[in-house]
Every structure is written in C-alpha cells, then in structure tokens.
Amino acid sequence: MNFYSTNNKNLSASFSEAVIKGIADDGGLFMPSFIPMLSESFFNAIDTLTFQEIAFLIAQKFIEDEIPKNDLHKIIEESISFNAPLVRLSGNISILELFHGPTLAFKDFGARFMAKTLSFLIRNENNHVTILVATSGDTGSAVANGFYKVEGINVVLLYPGNKVSEIQEMQLTTLGENITALKVDGTFDDCQRLVKEAFVDRDVISNKKLSSANSINIARLIPQSFYYFKAFAEVKNENRDLIFSVPSGNLGNLTAGLIAKQMGLPVYKFIAASNANDVFPKFLETSCFEPKPSIKTFSNAMDVGNPSNFARIIALYNGDYSKIKNNIYGASFSDTETVSAIKEMYSKYHYTIDPHGAVGYLAIKNYMSLADNKNISGIVLETAHPSKFPDVVYQAINTEIEMPARLLSAMKKEKKSIPISKDYSEFKQFLLQN
Ligand SMILES: *Cc1c(COP(=O)(O)O)cnc(C)c1O
C-alpha cells in the first residue's frame, strides 16, 4: 500500500519509506492511500482469535508484502507481547486497560511495534538512523524502551523541562546506551516544533538519516488500532452500540480508532476526551480549529495545544466537518473534575484510575447523561497506570498505590540529560555535532 502526505495527495511513499521518513518531505503526515476493509468473516470469527492474530490481520492489510508474513508475525509477537484486558465497571461502562506494557502506558503498543518494524526495515543499512522524539512524557519512555539497545538506531528524546512528572523524567533519562535525553527549556509544543524544523532542514537531513517515532509515524498509528478490535471482540455478543472514550492529546489514539471504524469496526461513536487543552472539542463545537499554547494540567500527556494528528482526521473525512461531528463527540474537563472522578471511581467501583483515564470516564458519563440512546456499551481507554501519577491519585483517594516493579527499578538509576534552550539553532548544533 502507498501512503500520501496530508499536505499533498500526490506525494506518495511505500510503507517502508513512510516508516523510515516518519514525516513526508513537505512536512505533511503520511496517510494510507485507502482504508482497507476487513471481511465479514473476520468480524464473524473475531471472538475466536487471539489478540496477536487480530493484530497480524490488521497490520497485514496496510503492510501487504513489504514485510514477509513470518517476519511480521515475529514483529507482532515481540511487540504486542502484553494484553489489553477489558474490566467491567458497571452495566454499560468498561475500562480498556492499555497500561500492561513495559512503561505502563498505551504508547508501548505503538512504540514497540514501530521499533521492531523500523529495525527490520533498515536491517541492511550501513548508516545509523537517528530517531527524534518530542515527548510530553509517556511517548518518550515507551519509544526509548522499544529501541533500547537496538542495533543501528540512536534515539534523541526532547522533553519539556519542568512539565513532566518526576517518574516520567526518571524513565526518560535513566536508560543511557543509545538513548540521549534533551531537557528543553520550553513546552511540549516547543519540543515538537524543534523536531519538525529538523526534518525540513537540508543541513541536517543531508548529514543524518532522521526518523520520527512520535504518534505521527505511521508505524505508531497502525498498532494503536489493534486494541479497538480486541475490545469489540469482547463485547460483540451484547449487541449494544459501542462507544469509545479516548483521553486525547495529539489525537493519535483517536485517529487509530477512527481508522478502525473505517475498516469496518462497528463503532457507534467516539468521544474525544480532553483536559483544559480543548482545541479539538472546540473545533467540534464551532468548526474552527484554533491551536493555542498548551496549558499544564494533571493529565499532562494530554497537554497539547496544536494536536498533530488533526490533519489526519481531516484527511480521513475529506474535510467534511459534518461527518466528523457525527462520528465524534468532544468534551473537556478541569483538574478539579479529574480529581473528583478519580475519587468517585474509587469509592463507587473500587477502581483506581489515572488522571488521563479519569478524563475519559468524565467524558463518557457526560455523553451518557445527554444521549437519547440508552442501549450503549461505553469503553473508556485507560492510557496509563495510576502509579505513574502518585501525587494526583493520592490527592484524590488518600491511598498510596503500589508501583509495579518495572517502574521501581528505573527510579534507582542515575538521571542523565542535556539541557537546551527552545531555540532551533541550539538543537541543530547538537544534531550536527553528535
Ligand atoms: C499520549 C497519551 C495520551 C494522549 O494520546 P494521543 O494519541 O496523543 O491523543 C493520553 N494518555 C496518556 C497516558 C498518554 O501517554
């Protein structure tokens, strides 16, 4: 399959070109040239398939023969190597736990699949590939983990100096080896801008083979659709209208869900759940897309003022605002509401949710209170493990939550990062010298 640039439909690339480049030459995001449909027999049998079998069948629709079957099986086995259990909260609300990977965030799905895919695609290259990652927290550690000690690949992480949690910073800066962390004196949007500038800077790209592992890489996006199918398989027999509430920042997770729907997954509605960074819900309300500087919140992986996958959503619906509005409901919530939701879920359901998932829960409750349709099955995507946000969770429920062993071990190592300003020239100099 070919992939086109969201800036220019005529600029196209193969799957492997798109994965290696990350972003199109004109700065656009890659999109599949068409959305492949899954067969009726696939949906009939979906509840008899394993998660990895589902993942394979979906991935293959996009990758076709660019990766031989056996190699693709291996990539999936090594990357989608943990489950995404669906936990029932009440009659019609469930939580899809996406935090069972090594860094306890849903980004492990995309990052690990992308890491294994990329190292397969460049297996015959002589030059190192440098992966640039702007991270608001979770992306960075998931990507770094996926690429850790992978031959032929260097990773440069850019994170906003004072805007990630202590634990996130630990996860970003303690790996070492082929992973370098840059602490940017600025916001996540500054980090993202620096990365974007490097990709279109002739001096840099003539010198270095760059790739990106943000949610903008197509190999990050495709695996994020896998678990929507998996969740459907579990509730399929209930014959209710399926709603996914997606805690959203850069809109990568939501875009993957929208792609799943266009592949034939019967989803009644998506909910874009935002914190105070409400550019996308505002767009759904007014049809005006107005990027803003990001605001710091408790659900900090969603603190995005200019969501990069917006261009993909527009492309998926050919710019048809009314179709987008029909498919997606948007809502935004404050930190105070987030804390109350964590508290409510704990007392009502004995479920400890993280601040991102809490925003998703608020959004689905809000939707359900307004919707006429009562025959629905609402699934909240829980995008991170609550122990990654101990302060907020403690504030809500007054109880310490146990930190899984894999997080604890990162906390014991030495933090190493290089401070840089938000000026592009400094970042450029770093790239050219390293
Ligand atoms: C990245 C992230 C999000 C937002 O996902 P997008 O794909 O950027 O919209 C939500 N929650 C957590 C925990 C994240 O790490």
Side-chain angles (χ1 to χ4, degrees), residues 29 84 95-111 114 133-146 157 159-160 163-165 167-168 171-172 188-189 191-192 212-218 220-225 227-228 244-260 270-275 277-281 283 294 297-313 328 330 332-333 338 342 353-363 380-389 392-393 407:
L29 279 65
I95 306 289
L96 184 63
E97 292 184 344
L98 301 176
F99 56 68
H100 293 271
T103 71
L104 315 187
F106 88 96
K107 295 202 173 68
D108 282 325
F109 285 102
M114 138 116 207
V133 190
T135 178
S136 54
D138 284 327
T139 313
S141 54
V143 169
N145 222 280
L157 299 169
Y159 70 98
K163 300 216 161 103
V164 298
S165 73
I167 297 169
Q168 285 174 331
Q171 286 190 300
L172 294 171
F188 171 66
D189 294 326
C191 299
Q192 211 162 23
S212 145
N214 284 329
S215 48
I216 54 181
N217 194 299
I218 196 75
R220 289 275 314 276
L221 195 65
I222 292 168
Q224 290 179 0
S225 64
Y227 40 75
Y228 288 93
F244 285 106
S245 180
V246 188
S248 293
N250 257 321
L251 303 172
N253 206 359
L254 178 66
T255 302
L258 298 172
I259 290 175
F270 287 93
I271 304 178
S274 301
N275 57 29
N277 296 277
D278 60 354
V279 170
F280 190 64
F283 163 77
S294 58
T297 74
F298 287 163
S299 44
N300 67 4
M302 288 151 54
D303 295 352
V304 181
N306 187 6
S308 50
N309 283 288
F310 180 73
R312 281 198 170 116
I313 295 180
I328 315 168
S332 115
F333 300 92
T338 304
I342 297 173
I353 198 145
D354 97 293
H356 303 80
V359 173
Y361 170 76
L362 284 164
V380 179
L381 272 52
E382 168 57 320
T383 47
H385 191 280
S387 69
K388 292 186 89 168
F389 306 91
V392 182
V393 175
L407 256 190

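We count ligands from 1, going down the list as the structure has it; atoms in each ligand are counted the same way. Atom set for the values below is all heavy atoms of this structure, side chains included, hydrogens, waters and symmetry mates excluded.
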Exercise. State whether a side-chain donor-acceptor pair under 3.5 Å links Ser299 with Asn275.
Key: yes

Open item on the list: Is it true that Asn277 and Asp303 share a donor-acceptor pair across their side chains at a distance under 3.5 Å?
Closed with: yes

Nearest heavy atom to atom 8 (O) of ligand 1, choosing from Asn250, Asn275, Val359, Thr383, belongs to Asn250

Under 4.0 Å from a heavy atom of [X]: give me the atoms of ligand 1 that qualify, with their elements.
{"X": "Gly252", "result": "6 (P), 7 (O), 9 (O)"}
{"X": "Ser248", "result": "9 (O)"}
{"X": "Phe106", "result": "1 (C), 2 (C), 3 (C), 5 (O), 7 (O), 14 (C)"}
{"X": "Lys107", "result": "1 (C), 2 (C), 3 (C), 14 (C), 15 (O)"}
{"X": "Asn253", "result": "7 (O)"}
{"X": "Ala384", "result": "13 (C)"}

ring-ring contact (aromatic ring centres under 6.0 Å, His included) filter on Tyr227, not counting sequence neighbours, yields Phe109

Problem - Donor-acceptor under 3.5 Å (Ser245 side chain, Gly360 main chain) - result: yes

Between Thr103 and Lys388, the two heavy atoms sitting closest are O-NZ, 2.7 Å

Nearest heavy-atom contact between Met302 and Val359 is CE-CG1, 3.8 Å

- Query: Does Met302 reach ligand 1 with a nitrogen or oxygen that is under 3.5 Å from one of the ligand's nitrogen or oxygen atoms?
  - Reply: no

If we only consider heavy atoms of Leu254, is any one of them less than 4.0 Å away from an atom in ligand 1?
no

With sequence neighbours left out, the residues meeting salt bridge (charged side-chain N to carboxylate O under 4.0 Å, His left out) with Asp278 are Lys282, Lys292

